[in-house]
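Only a predicted model underlies this, so the values are computations on that prediction, with no experimental measurement involved.
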Amino acid sequence: MEKETLRRIILEYQEVISKVQLVERQCRFEENGNYVFVGVRQAGKSYLLYQRAQQLLQSGNDLEDLVYVNFDDERISDIRTEDLDLILQAHRTLSDRQPVLLLDEIQNVDGWEHFARRLANQKYRVYITGSNAKMLSRDIATVLGGRFWLNNVSPYSFSEYLNAIHLQLRKNWQSTRQQDEVAKAFDTYFRFGGFPELVNVVDKRAWINSIFKKILLNDVIVRNKIRNEEAVRMTVRRMAECVKQPISYNRISSLVKSTSLSTNVQSIIDFARFLRDSCLIFSLDNYASKFVERETVKKHYFVDNGLLNIFLTDPDTSLLENLCAIHLHQHYDEEQLFYYNKNVEVDFYLPDEHTAIQACYTMSDSQTAEREVNALVKLHAFEPLQRALIITRDEENIIQKDNGLTIEVKPVWKWLLEEK
């Protein structure tokens, strides 16, 4: 690795930082904090670095103080841990001031966390991104020693999506014609998801297929040296088809083997972990289960509706529940968000907030409506609820039950825009 190559890269990206046009995202930064941003590919982590760089410029930092390095750059694809100090040496040829470091996709370099810790110890300000949830593992968190804030970056929320398409909500938008504009915009978001780059893409399905293949190949199969590629692909497909259901690893194994592919339960457990590590999926536990069952039976959701939609032929009900899961997962961690399945089935349960949520595409069928309402009523009898919701595609209502429970029926696109 040559210092001159890194010097040229630093100068090139300083020019990019000064010119790039951004859709600002909702992210708060501690003034002197160091950050690690983790998320699925193309979720917008690089643009968060650009956003932070422009904020630093606005607050008085000089452009030559900012050092942005993208480790996906083919010119430094062979960089090793022992070469990382060349970044600092290259900057010293440009300035004698201590830089702010913005290190993009640094997980490509084995042992990066030791370099990051040294920078923090030497009082550099550092911002790091990576596409692998292993960057949040206990081992790396231990090495970083609490010196970094850890932040998950997801594709656009619905409010961010509206901002990206330049639809600014007026104060009383729900009582104006703008409500129709919001509902129309939601239909695209609902089916194709919130990847930032997708906003201006015409053939959205082809773009999403391309991103999925990159995630699966690079972040799952190659990174984990998987030989049985077809079994991994079928595991993802079966998870997509069963996205609304609690499912055991044993059951997934049986579904994969039913297609004449060779696998076993341990392999499926490993595949699921690799898919979570790539940030492609996330999983919820059953609040009512004992520990052993929590570890073996879970509900698996996709981090973006567009990724889920490429597998489904009749997607509406699955997309609705998956979107509810995404929204909740963005606001609550794994110790706060569950599903409930013991004598009653409820899609989402927040025990700390005494809140239960059902996802139901339409309440027009009386039997479906009765089932969704009765599940919440039954849960309320032994886990008293302060809030109960049924999230639908477009329907809205208030249901008062004799036991004092009030059930809010809300359109998903209104619920997603509630202030938190």
Side-chain angles (χ1 to χ4, degrees), residues 26-28 30 33 35-40 43 113 130-155 157 239 243-249 269-270 272-304 321-359 375-376 379-380 382-389 391 415-416 418-420:
Q26 301 163 4
C27 189
R28 293 181 179 179
E30 292 289 333
Y35 285 83
V36 178
F37 297 103
V38 176
V40 69
E113 61 273 18
S131 297
N132 192 331
K134 286 182 179 177
M135 295 184 73
L136 297 179
S137 70
R138 288 180 184 174
D139 290 343
I140 289 177
T142 299
V143 173
L144 294 179
R147 290 164 174 79
F148 284 77
W149 296 77
L150 306 176
N151 241 330
N152 286 304
V153 180
S154 302
S157 66
M239 283 183 169
V243 76
K244 297 178 295 182
Q245 307 164 17
I247 190 166
S248 69
Y249 294 121
I269 292 171
D270 291 339
R273 175 163 50 85
F274 299 153
L275 293 168
R276 284 192 292 269
D277 286 345
S278 72
C279 303
L280 181 67
I281 68 168
F282 59 94
S283 304
L284 300 187
D285 295 336
N286 181 8
Y287 182 79
S289 288
K290 296 180 180 179
F291 176 79
V292 172
E293 187 180 345
R294 282 192 184 188
E295 293 302 302
T296 57
V297 181
K298 298 176 181 286
K299 292 177 80 170
H300 304 285
Y301 295 100
F302 284 66
V303 74
D304 183 80
E321 182 168 331
N322 194 75
L323 187 55
C324 291
I326 291 169
H327 181 66
L328 292 166
H329 188 248
Q330 288 174 348
H331 290 87
Y332 301 94
D333 61 33
E334 62 184 14
E335 287 82 25
Q336 298 173 299
L337 176 61
F338 303 86
Y339 69 93
Y340 197 103
N341 191 347
K342 184 178 181 181
N343 302 320
V344 59
E345 296 182 16
V346 174
D347 295 328
F348 305 105
Y349 181 52
L350 298 163
D352 293 346
E353 298 191 4
H354 307 286
T355 296
I357 300 168
Q358 294 283 71
L376 293 171
L379 179 61
H380 179 62
F382 49 87
E383 295 282 357
L385 300 174
Q386 294 179 6
R387 194 178 188 198
L389 299 102
I391 305 302
W415 178 65
L416 294 176
E418 284 185 355
E419 294 290 337
K420 296 295 178 184

Donor-acceptor pair, side chain of His354 and main chain of Gln386, under 3.5 angstrom: no

Any donor-acceptor N/O pair, Arg276 side chain to Ser283 backbone, under 3.5 Å: no

Looking only at non-hydrogen atoms, find the nearest pair between [X] and [Y] and report the distance.
X: Phe348; Y: Cys324; value: CE1-CB, 3.7 Å
X: Asp352; Y: Gln336; value: OD2-CG, 3.9 Å
X: Tyr249; Y: Glu295; value: CE1-O, 3.3 Å

Quick one: list whatever passes salt bridge (Lys or Arg N to Asp or Glu O under 4.0 Å) with [X], sequence neighbours left out.
X: Asp347; answer: Lys299
X: Lys298; answer: Asp285
X: Glu113; answer: none
X: Arg147; answer: none

Under the side-chain contact (heavy atoms from CB on, under 4.5 Å) test, residues paired with Phe382 that sit two or more places apart: Tyr340, Val344, Lys378, Leu379

side-chain contact (heavy atoms from CB on, under 4.5 Å) partners of Thr355, counting only residues at least two apart: Leu350, Glu353, Ile357, Arg387, Leu389

Side chain to side chain contact (heavy atoms under 4.5 Å, CB included) partner of Asn341, chosen from Asn286, Val297, Val346: Asn286

Residue Glu383 excluded, over 12 heavy atoms near CD under 6.0 Å: yes

Ring centroid separation Phe338 to Tyr349 under 6.0 Å: no

